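Taking it in order: structure first as structure tokens, then the write-up.
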Amino acid sequence: METFPKIISVDDHTVEPAHVWRDRLPSRYADSGPRIVRAPLKEMTFLGGKFAPVMGAKGDDGPVGDWWVYEDLHRPLTRLDTAVGYDRDEIKLEIITYEQMRPGSFSVPDRLADMDVNHVQSALCFPTFPRFCGQTFTEAKDRELGLLGVRAYNDWMVEEWCGPEAHGRLIPLTLVPLWDAELAAAEVRRNAARGVRAVAFSEIPPHLGLPSIHTDEWDPFLAACDETGTVIAMHIGSSSKMPSTSADAPPAVGSTITFANCCFSMVDWLMSGKFERFPNLKVMYAEGQIGWIPYILERADVVWEENRGWGGVADKVHRPPSELFTDHVYGCFFDDAFGLRNLDAIGVGNVLYETDYPHSDSTWPRSREVGEAQMGHLAPDVVDRIVRGNAIDLLGLTEDGLWAGA
């Protein structure tokens, strides 16, 4: 292509600096709130979609790295958290320290520099330690501390990560206390008042021990998103259960089928009736790719047309699921040539581009080249919509693709 639009990535990641909760929580939580401890690794496995690290004691043998410690949780920083800049064959499941990371993982100036290298103008970033929708705080024992932890993260996200130093190029994505829909609604409104237009949520809440979207339990939260124009962003793995086939399946199996939870989740939403009850609601699937979408829409329409009477949806889903998809759902991809060849069956207005920096799947620093290779058959105006235009509209950005704040 002669020109390729500046990318607005709707799925990158931040690795939270060590001070995020230390600086924002009351002093009484100094020994129980999230904090960084440098310690050896005793063992670490990632099989059957389950990540299982064990922290060693001071003086034990084993590689030393930085760990987030929170109540009884010990979660290490790993090379998979920040893999850009390393040869693919050198990326392993290993513990690391902040000094062993690419600084753009946690430093705003360095992140902007790495975005420049990658032809990226703006980026929406998912969390690391809280996990993709704040499950870490949902699983904690102390609910008061958990709520403070969620709010502290959101304040850091808005005021520092996306603060003046970012010049509007970093787009805030906030968390909610998933254990209480009323509190979640209040947090959506608190952040919407300062210009936030995206909130993280779980692709399959029952995997977290939470109600499904087929209940009315989430309605206060959904109403708040509907009223404020806040898009619900669901990342693969945001149900703490990555797809796999067996307890001993290697990570490569799960990595190949990461889209599966997005697929299941999208059918949930299309058959839930929520899009008709909350007509302004928008949802997006980060890192889910898009090539699987046409078949699911075709099948969902057939089921709705032929089986809605006994299928339990006749009284709440009054339009074909494919129509609901067009009005409410966005698929996000970073490397999906097949999906782009079938764009007509998905919809130009329902597709967003991403780079996944700094994860191991990231196309950094070649996101422009990947996009040019896979979108070369598309008209320039279509490319512009996919790479930036749809994100501008969905996230309420300026015409220049920047976050304007409150």
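We're numbering straight along the sequence, starting at 1. Remember, predicted model here, so these are calculated numbers, not experimental data.
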Original post:
Considering residues at least two apart in sequence or located in another chain, which fulfil the side-chain contact (heavy atoms from CB on, under 4.5 Å) criterion with Ser122?
Top reply: Ile8, Ile171, Leu402
Partners passing ring pair (Phe, Tyr, Trp, His ring centres under 6.0 Å) against [X] (at least two apart in sequence or in another chain):
X      : value
His214 : none
Trp161 : Trp156
Trp68  : Trp21, Phe129
Tyr70  : Phe137

Indicate whether any N or O donor in one side chain lies under 3.5 Å from an N or O acceptor in the other, for [X] and [Y].
X      : Y      : value
Thr326 : Asn350 : no
Thr398 : Asp400 : no
Ser105 : Thr82  : yes
His119 : Glu372 : no
His13  : Asp11  : yes

**OP:** Scan for ring pair (Phe, Tyr, Trp, His ring centres under 6.0 Å) pairs involving residues 87-106, sequence neighbours excluded, and state none if there are none.
**Re:** Tyr98-Phe106
Original post:
Do any pairs count as a ring pair (Phe, Tyr, Trp, His ring centres under 6.0 Å) and have a residue in residues 303-328, sequence neighbours left out, and if so which ones?
Top reply: Phe275-His328
Subject >> Residue list, salt bridge (Lys or Arg N to Asp or Glu O under 4.0 Å) with Asp219, at least two apart or on another chain >> reply: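 Listed in chain order: Lys274, Arg277.
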Would you give the length of the straight line joining atom [atom1] of [X] to atom [atom2] of [Y], rounded to the nearest 0.5 angstrom?
X      : Y      : atom1 : atom2 : answer
His235 : Thr258 : NE2   : OG1   : 9.0 Å
Asp301 : Arg319 : CG    : CZ    : 11.0 Å
Phe221 : Phe278 : CZ    : CZ    : 10.5 Å
Arg197 : Leu173 : CZ    : CG    : 13.5 Å
Ile296 : Phe264 : CD1   : CZ    : 8.5 Å
Cys263 : Ile257 : SG    : CD1   : 11.0 Å

Checking the side chain of [X] only, and the main-chain atoms of [Y] only, is there a donor and an acceptor separated by less than 3.5 Å?
X      : Y      : result
Arg388 : Leu352 : no
Ser239 : Ser202 : no
Thr136 : Pro130 : yes
Glu182 : Asp180 : no
Asp60  : Pro40  : no
Arg38  : Ile36  : no
Glu203 : Ser238 : yes
Thr363 : Arg366 : no
Ser362 : Pro358 : no
Ser272 : Trp269 : yes

Are side-chain heavy atoms of [X] and [Y] found at a separation under 4.5 Å?
X      : Y      : result
Trp403 : Leu395 : no
Asp12  : Thr355 : yes
Leu77  : Thr97  : no
Phe51  : Leu93  : yes
Val10  : Leu394 : no
Leu178 : Val150 : no
Arg75  : Thr128 : yes
Glu94  : Leu41  : no

Original post:
Quick one: do Glu187 and Arg151 make a salt bridge, cutoff under 4.0 Å?
Top reply: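 Arg151 and Glu187: salt-bridged.
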Original post:
Run the side-chain contact (heavy atoms from CB on, under 4.5 Å) check on Leu270 and Val317 step by step: do they pass?
Top reply: CA-CA 8 Å; Leu270 293 176; Val317 181; over 6 Å; no
Original post:
How far apart are the closest heavy atoms of Ile91 and Ala83, and which atoms are they?
Top reply: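 Looks like CD1-CB, 3.7 Å.
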Subject >> Minimum-distance pair of heavy atoms, taken over all atoms of Ile95 and Trp67 >> reply: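 Ile95 and Trp67 have their closest heavy atoms at CD1-NE1, 3.1 Å.
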**OP:** Show the numbers, then the answer: is there a side-chain contact (heavy atoms from CB on, under 4.5 Å) between Phe126 and Glu287?
**Re:** CA-CA 11 Å; Phe126 283 82; Glu287 207 173 325; over 6 Å; no
Original post:
Can you check side chain to side chain donor-acceptor pair (under 3.5 Å) on Asp336 and Gln374, steps first, answer last?
Top reply: CA-CA 8 Å; Asp336 192 341; Gln374 296 189 353; over 6 Å; no
Original post:
Checking side-chain contact (heavy atoms from CB on, under 4.5 Å) for the pair Met157/Val196: CA distance, chi angles, key distance, verdict?
Top reply: CA-CA 10 Å; Met157 168 61 62; Val196 177; over 6 Å; no
side-chain hydrogen bond (donor to acceptor under 3.5 Å, both in side chains) partners of [X], counting only residues at least two apart:
X      : answer
Asp393 : none
Tyr285 : Ser265
Glu369 : none
Glu227 : Arg189

Subject >> side chain to side chain donor-acceptor pair (under 3.5 Å) between Tyr357 and Asp114, intermediate numbers included >> reply: CA-CA 9 Å; Tyr357 179 104; Asp114 277 355; 2.5 Å; yes
Original post:
In a check of salt bridge (charged side-chain N to carboxylate O under 4.0 Å, His left out) between Asp116 and each of Arg111, Arg368, Arg169, Lys6, which one passes?
Top reply: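 Option passing the salt bridge (charged side-chain N to carboxylate O under 4.0 Å, His left out) with Asp116: Arg169.
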Original post:
Would Gln100 and Arg79 count as a side-chain contact (heavy atoms from CB on, under 4.5 Å) if you check the C-alpha gap in whole Å, the side-chain angles of each, and the deciding distance to 0.1 Å?
Top reply: CA-CA 9 Å; Gln100 293 170 304; Arg79 177 55 62 209; 3.9 Å; yes
